[in-house]
Amino acid sequence: MPASGAVTRNTLRQQIADALRDEVLAGRLQPGEEFTVKQIAEQYGVSATPVREALVDLCAQGLLDSDQHRGFRVHQYSVDDYRGMVEARRLVVDGIFRRDAAMVPPRSALTEPDLGIGVALVSIRRRGEAAARAARAGDLDVLIGYDIRYWRELARLVAANDYIADFLHRLRVQAWVFSVPYLRAERDMLGWLWSGHVELVDAITRGDADAAAAVVREYNAHAMEWADRVEGRSPRAVPQRVDGARGAPTTLAVPAKRPASTPRN
């Protein structure tokens with residue numbers, strides 16, 4: 001049984017990692033922004049060890065880069081990186097649909113419905129409704145939280161494979177990290193926030209694989225079209241941090257509890 005000190009340190013490590021990830025997703029830590037273990041430790045009022053471990057975790061997730069002499073910086077994804085994320089998830093999801101099409105028995109062979117799956121789909125639909133409302137309202141902070149949770153739960157249910165679900169979750173977080181600075185600079189942001197969450201989960205609930213695949217294809221096409229739009233901009237169009245000195249995060253705090261507006265997986 002682990003010592004209580006180790007448990008506390010691991011919990012703190014996760015809290016710091018979660019809070020920093022939220023800062024990156026919200027765009028308060030900009031791509032390329034630099035900071036050190038000491039700066040973050042002083043901001044939180046904690047020792048360097050859990051901070052260093054949290055930052056290493058975020059590096060492993062592709063959200064930060066480390067430099068032996070300069071500390072850490074927020075990873076800066078390119079438009080080509082984003083296109084690669086969309087293509088990777090398309091290939092994986094297409095594979096899931098093909099696998100399921102080959103495995104699903106005819107309806108006459110089905111017996112009683114799986115109540116566990118039904119409960120999961122109801123929960124996912126609620127996440128989807130909240131995400132869609134936020135997208136239509138242009139509430140990016142709320143949308144990101146619900147969208148990430150929606151897709152992770154849906155992937156776990158449909159893929160029935162935690163390795164695939166974790167891979168898709170990582171791609172989604174990275175895609176949001178790339179997207180947020182550009183979306184916040186977008187004059188017509190509402191026109192580029194996808195809101196087809198409910199349509200997709202309803203198709204899956206009906207067992208309509210063709211309709212579900214069509215929604216996902218439209219979603220990926222939408223993402224690629226937006227990438228083309230972003231590519232036409234100068235990198236200087238991305239807004240720079242104005243709420244504090246570069247390299248010194250001003251709004252970081254270990255949350256006592258997670259806010260309801262940004263559900264955590």
Side-chain angles (χ1 to χ4, degrees), residues 79-137 143-176 178-179 183 189-230 263 265:
V79 177
D80 284 342
D81 290 330
Y82 178 75
R83 288 196 180 101
M85 297 169 199
V86 176
E87 177 68 6
R89 78 184 183 210
R90 182 189 68 79
L91 291 171
V92 172
V93 172
D94 282 353
I96 293 170
F97 282 132
R98 287 196 300 271
R99 179 204 66 185
D100 289 351
M103 292 175 60
V104 171
R107 289 191 177 273
S108 60
L110 296 176
T111 55
E112 297 182 2
D114 188 321
L115 294 180
I117 292 177
V119 170
L121 285 168
V122 169
S123 173
I124 293 168
R125 194 180 197 280
R126 287 174 180 161
R127 306 281 187 202
E129 290 171 347
R133 281 197 301 270
R136 290 190 293 267
L143 170 60
I144 292 169
Y146 279 111
D147 180 83
I148 288 175
R149 184 67 177 268
Y150 166 89
W151 283 104
R152 184 160 203 180
E153 290 182 0
L154 190 63
R156 281 179 170 167
L157 181 67
V158 175
N161 183 311
D162 285 345
Y163 293 100
I164 293 175
D166 288 347
F167 173 71
L168 292 173
H169 173 70
R170 175 172 172 168
L171 286 179
R172 182 155 305 281
V173 172
Q174 292 174 351
W176 272 119
F178 166 81
S179 302
L183 285 169
M189 183 173 67
L190 284 176
W192 295 100
L193 295 179
W194 186 75
S195 59
H197 304 77
V198 174
E199 184 182 358
L200 176 57
V201 74
D202 283 352
I204 292 171
T205 301
R206 296 192 308 269
D208 190 341
D210 290 339
V215 174
V216 172
R217 281 196 302 271
E218 184 275 331
Y219 173 49
N220 289 330
H222 175 92
M224 287 298 196
E225 183 181 356
W226 184 72
D228 291 342
R229 178 181 175 86
V230 170
N265 50 49

Counterpart residues, salt bridge (Lys or Arg N to Asp or Glu O under 4.0 Å), relative to Arg83 (two or more places apart):
Asp80, Asp228, Glu231
I'd like a table of donor-acceptor pairs (distance under 3.5 Å, sequence neighbours excluded) in which one partner is a side-chain atom from residues 191-201, with atom names and distances.
from	atom 1	to	atom 2	distance (Å)
Trp194	NE1	Glu218	OE1	3.0
His197	NE2	Asp147	OD1	2.8

Partners meeting side-chain hydrogen bond (donor to acceptor under 3.5 Å, both in side chains) with Arg89 (sequence neighbours left out):
Asn220
Measuring only between side-chain heavy atoms, which start at C-beta, is Trp151 closer than 4.5 Å to Leu171?
no
Residues which pass side-chain contact (heavy atoms from CB on, under 4.5 Å) with Asp81, listed by chain and number, not counting sequence neighbours:
Tyr77, Ser78, Met85
Could you tell me which residues satisfy side-chain hydrogen bond (donor to acceptor under 3.5 Å, both in side chains) with Tyr82, sequence neighbours excluded, listed by chain and number?
none
What are the two closest heavy atoms between Arg156 and Ala165, and how far apart are they?
CG-CB, 3.5 Å
Which residues share a side-chain contact (heavy atoms from CB on, under 4.5 Å) with Val92, sequence neighbours left out
Ile96, Ile164, Phe167, Leu168
Would you say that Arg170 contacts Gln174 through its side chain, given a criterion of any heavy-atom pair below 4.5 Å between the two side chains?
yes
The side-chain contact (heavy atoms from CB on, under 4.5 Å) partners of Ala211 (sequence neighbours excluded) come to Ala203, Arg206, Asp208
In short, Ala213 meets Phe97 closest at the heavy-atom pair CA-CE1, 3.8 Å
Check for a donor-acceptor pair, side chain of Arg172 on one end and backbone N or O of Arg149 on the other, with a separation under 3.5 Å.
no
Ignoring hydrogens, what is the shortest heavy-atom contact between Ala120 and Leu157? Give both atom names and the distance.
CB-CD1, 4.2 Å
Give me the atom names and distance for the closest heavy-atom approach of Ala137 to Leu190.
C-CD2, 3.7 Å
With sequence neighbours excluded, residues passing side-chain hydrogen bond (donor to acceptor under 3.5 Å, both in side chains) with Asp166:
Arg152
For Asp202, the salt bridge (Lys or Arg N to Asp or Glu O under 4.0 Å) test, sequence neighbours excluded, returns Arg125
Pairing residues for Asp94 by the side-chain hydrogen bond (donor to acceptor under 3.5 Å, both in side chains) criterion, not counting sequence neighbours:
Arg90
